[in-house]
Engineer: 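Structure provided below as structure tokens; questions to follow.
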Amino acid sequence: MFNKFKRKKSQPTTLARKLITDSNPKSIVSEQFKTVRTNINFSMPDKDLKTLVLTSSTPGEGKSTNASNIAVVYAQSGKKVLLVDGDMRKPTTHHTFGVRNVGGLSTVLIRQDTVEEVVHETQIEGLSLITSGPIPPNPAELIASKTMDQFIETVKEKYDMVIFDAPPVLSVTDAQILSNKCEGTILVINSGKAEKDNVIKAKEMLLASKANIIGAVLNNYAIDKNHYYYQYYGAVE
């Protein structure tokens, strides 16, 4: 049994983080996110993938930015999408979308709120958001709970795609537990900064938890201006 905790007062975020797929949908970066969407769709041709986890080996590799932008491109394709901030330790999606983080995943998992009470409709048509909620003392236990299983089944019935932003694999066990409960996992790797040993260890830990790793995203990779892809898309505003 989990103890309820008091919500801290939260001030609204006045300046949301920039989502490139919304602000500049024809940019090179936005086209790459659409390619990621296509690759996800082809990763499980015989099954309708509805729950997806994005994580990384260590903090600061861009998993949250990737999760948000992938959610946007899915919504732009006509899907009904739910983005869930599953990082109940260092949440960020409420900053990205400029909403209050008062009720959220944590308050649903302790049965303090219902799913309907914590869903935010974003400025993106077709994209809804559930923030992390107040930071609990026991995030891993909440994610491992049967209530989490019930939450996943509930949102799968309501949405075409549910995307979880999970904590880094090597920091805590949350991502391993969540990946085991969801149908697909993507590992985000920061180009030029992520250490090979950490990436390999993160992959091994995910596989040990029986996660279905459908691919990886190489983040912050610089495209040479002489590359044909840059020449083809570079002039698009």
Engineer: Measure the spacing between CG of Leu82 and CD1 of Ile130 and express it to the nearest 0.5 Å.
Structural biologist: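 Here the interatomic distance stands at 4.5 Å.
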Engineer: Is there side-chain contact between Asn41 and Tyr74, with at least one heavy-atom pair below 4.5 Å?
Structural biologist: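 Heavy-atom side-chain distance check passes, below 4.5 Å.
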Engineer: Give the minimum heavy-atom separation between Thr107 and Pro134, together with the two atoms involved.
Structural biologist: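 The answer is CG2-CD, 3.6 Å.
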Engineer: Would you compute the distance between atom CZ of Phe151 and atom CG of Leu105 and round it to the nearest 0.5 angstrom?
Structural biologist: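 One finds 5.0 Å between CZ of Phe151 and CG of Leu105.
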Engineer: Where is the tightest heavy-atom contact between Asn66 and Leu54, given as atom of each residue plus distance?
Structural biologist: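 Looking at all heavy atoms of both residues, the closest pair is CB-CD2, 3.7 Å.
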Engineer: Is there a donor-acceptor contact under 3.5 Å linking the side chains of Asn101 and Ser132?
Structural biologist: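 Yes, side-chain donor-acceptor contact under 3.5 Å.
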Engineer: Quick one: which residue pairs count as a salt bridge (Lys or Arg N to Asp or Glu O under 4.0 Å) with a foot in residues 202-213, not counting sequence neighbours?
Structural biologist: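 Matches after skipping sequence neighbours: none remain.
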Engineer: Working to the nearest 0.5 Å, report the span between CG of Asp48 and CE of Met44.
Structural biologist: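 Asp48 atom CG to Met44 atom CE measures 9.0 Å (nearest 0.5 Å).
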Engineer: Do Val172 and Val199 sit in one hydrophobic cluster, given that two such residues count as connected whenever their side-chain heavy atoms are within less than 4.5 Å of each other, even indirectly?
Structural biologist: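 No, it is not one cluster - the side chains of Val172 and Val199 are not joined through contacts under 4.5 Å.
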Engineer: To the closest 0.5 Å, what do you measure between NE2 (His120) and NE2 (His94)?
Structural biologist: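 So the NE2 of His120 and the NE2 of His94 are separated by 10.0 Å.
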Engineer: Can you tell if the side chain of Ile135 reaches within under 4.5 Å of the side chain of Pro91, non-hydrogen atoms only?
Structural biologist: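 Yes; the side chains approach each other to less than 4.5 Å.
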Engineer: Looking at Ile20, is its backbone amide N or carbonyl O close enough to the side chain of Ser30 to form a donor-acceptor pair, meaning the two atoms are under 3.5 Å apart?
Structural biologist: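 Yes, because the side chain of Ser30 sits within donor-acceptor range (under 3.5 Å) of the backbone of Ile20.
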Engineer: Could you go through the side chain to side chain contact (heavy atoms under 4.5 Å, CB included) check for Val162 and Leu52 one step at a time?
Structural biologist: CA-CA 6 Å; Val162 182; Leu52 180 68; over 6 Å; no
Engineer: Considering only heavy atoms from C-beta outward, does the side chain of Thr65 approach that of Asn219 to under 4.5 Å?
Structural biologist: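 Answer no - side chains too far apart.
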Engineer: For the side-chain hydrogen bond (donor to acceptor under 3.5 Å, both in side chains) test, which of Thr21, Thr96, Asp22 pairs with Asn69?
Structural biologist: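 With Asn69 as partner, side-chain hydrogen bond (donor to acceptor under 3.5 Å, both in side chains) holds for just one option, Thr21.
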Engineer: Nearest 0.5 angstrom please: Ser106 OG to Ile143 CD1, how far?
Structural biologist: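 CD1 of Ile143 is found 10.5 Å from OG of Ser106.
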Engineer: CG of Leu206 to CD1 of Ile213: how many Å apart, nearest 0.5 Å?
Structural biologist: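 So the gap between those two atoms works out to 4.5 Å.
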Engineer: Before giving the answer on side chain to side chain contact (heavy atoms under 4.5 Å, CB included), spell out for Ser57 and Val169 the whole-Å C-alpha distance, their side-chain angles and the decisive distance to 0.1 Å.
Structural biologist: CA-CA 5 Å; Ser57 59; Val169 178; 5.7 Å; no
Engineer: Go through the steps to decide whether Phe33 and Leu19 satisfy the test side chain to side chain contact (heavy atoms under 4.5 Å, CB included), and finish with yes or no.
Structural biologist: CA-CA 11 Å; Phe33 278 116; Leu19 288 167; over 6 Å; no
Engineer: Please lay out, stage by stage, how Phe97 and Thr131 fare under the test side chain to side chain contact (heavy atoms under 4.5 Å, CB included).
Structural biologist: CA-CA 10 Å; Phe97 290 90; Thr131 64; over 6 Å; no
Engineer: Identify the two heavy atoms, one from Gly62 and one from Val188, that lie closest to each other, and give their separation to 0.1 Å.
Structural biologist: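 Closest approach of Gly62 to Val188, heavy atoms only: C-CG1, 4.0 Å.
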Engineer: Please find the pair of heavy atoms, one from Ala216 and one from Ile189, that lie closest to each other, and give the distance.
Structural biologist: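 Distance-wise, the nearest heavy atoms are CB-CD1, 4.0 Å.
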Engineer: Between Lys201 and Glu195, is there a side-chain heavy-atom distance shorter than 4.5 Å?
Structural biologist: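 No, their side chains stay 4.5 Å or more apart.
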Engineer: Without placing hydrogens or testing angles, list every side-chain donor-acceptor pair under 3.5 Å for residues 175-184, not counting sequence neighbours.
Structural biologist:
from: Gln176; atom 1: NE2; to: Met205; atom 2: O; distance (Å): 3.0
from: Ser179; atom 1: OG; to: Ala175; atom 2: O; distance (Å): 2.8
from: Ser179; atom 1: OG; to: Thr185; atom 2: OG1; distance (Å): 3.2
from: Asn180; atom 1: ND2; to: Ser209; atom 2: O; distance (Å): 2.8
from: Lys181; atom 1: NZ; to: Asp149; atom 2: OD1; distance (Å): 2.5
from: Lys181; atom 1: NZ; to: Asp149; atom 2: OD2; distance (Å): 3.4
from: Glu183; atom 1: OE1; to: Lys50; atom 2: N; distance (Å): 2.5
from: Glu183; atom 1: OE1; to: Thr51; atom 2: N; distance (Å): 3.0
from: Glu183; atom 1: OE1; to: Thr51; atom 2: OG1; distance (Å): 3.4
from: Glu183; atom 1: OE2; to: Lys156; atom 2: NZ; distance (Å): 3.2

Engineer: Please give me the minimum heavy-atom distance between Phe164 and Met148, naming the atom from each residue.
Structural biologist: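 Smallest interatomic distance, heavy atoms only, reads CE2-CE, 3.7 Å.
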Engineer: Determine whether Asp160 and Val81 make a side-chain contact, defined as any pair of heavy atoms from C-beta on separated by less than 4.5 Å.
Structural biologist: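 SC-SC contact between Asp160 and Val81 ruled out.
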Engineer: Any ion pair linking Lys158 and Glu116 (charged N to carboxylate O, less than 4.0 Å)?
Structural biologist: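 A salt bridge links Glu116 with Lys158.
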Engineer: Where do Ser23 and Pro25 come nearest, in terms of heavy atoms and distance?
Structural biologist: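 Result for this residue pair: C-CD, 3.7 Å.
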Engineer: Does one hydrophobic cluster hold both Ile200 and Leu207, with members joined at side-chain heavy-atom distances below 4.5 Å?
Structural biologist: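 Not linked; separate clusters.
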Engineer: Can you pull the salt bridge (Lys or Arg N to Asp or Glu O under 4.0 Å) pairs that have at least one residue in residues 77-91, sequence neighbours excluded?
Structural biologist: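 Of all non-adjacent pairs touching residues 77-91, those that pass salt bridge (Lys or Arg N to Asp or Glu O under 4.0 Å) are Lys63-Asp87, Arg89-Asp174.
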Engineer: Of Ile186, Leu83, Val84, which meets side chain to side chain contact (heavy atoms under 4.5 Å, CB included) against Ile163?
Structural biologist: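 The side chain to side chain contact (heavy atoms under 4.5 Å, CB included) with Ile163 is passed solely by Leu83 among Ile186, Leu83, Val84.
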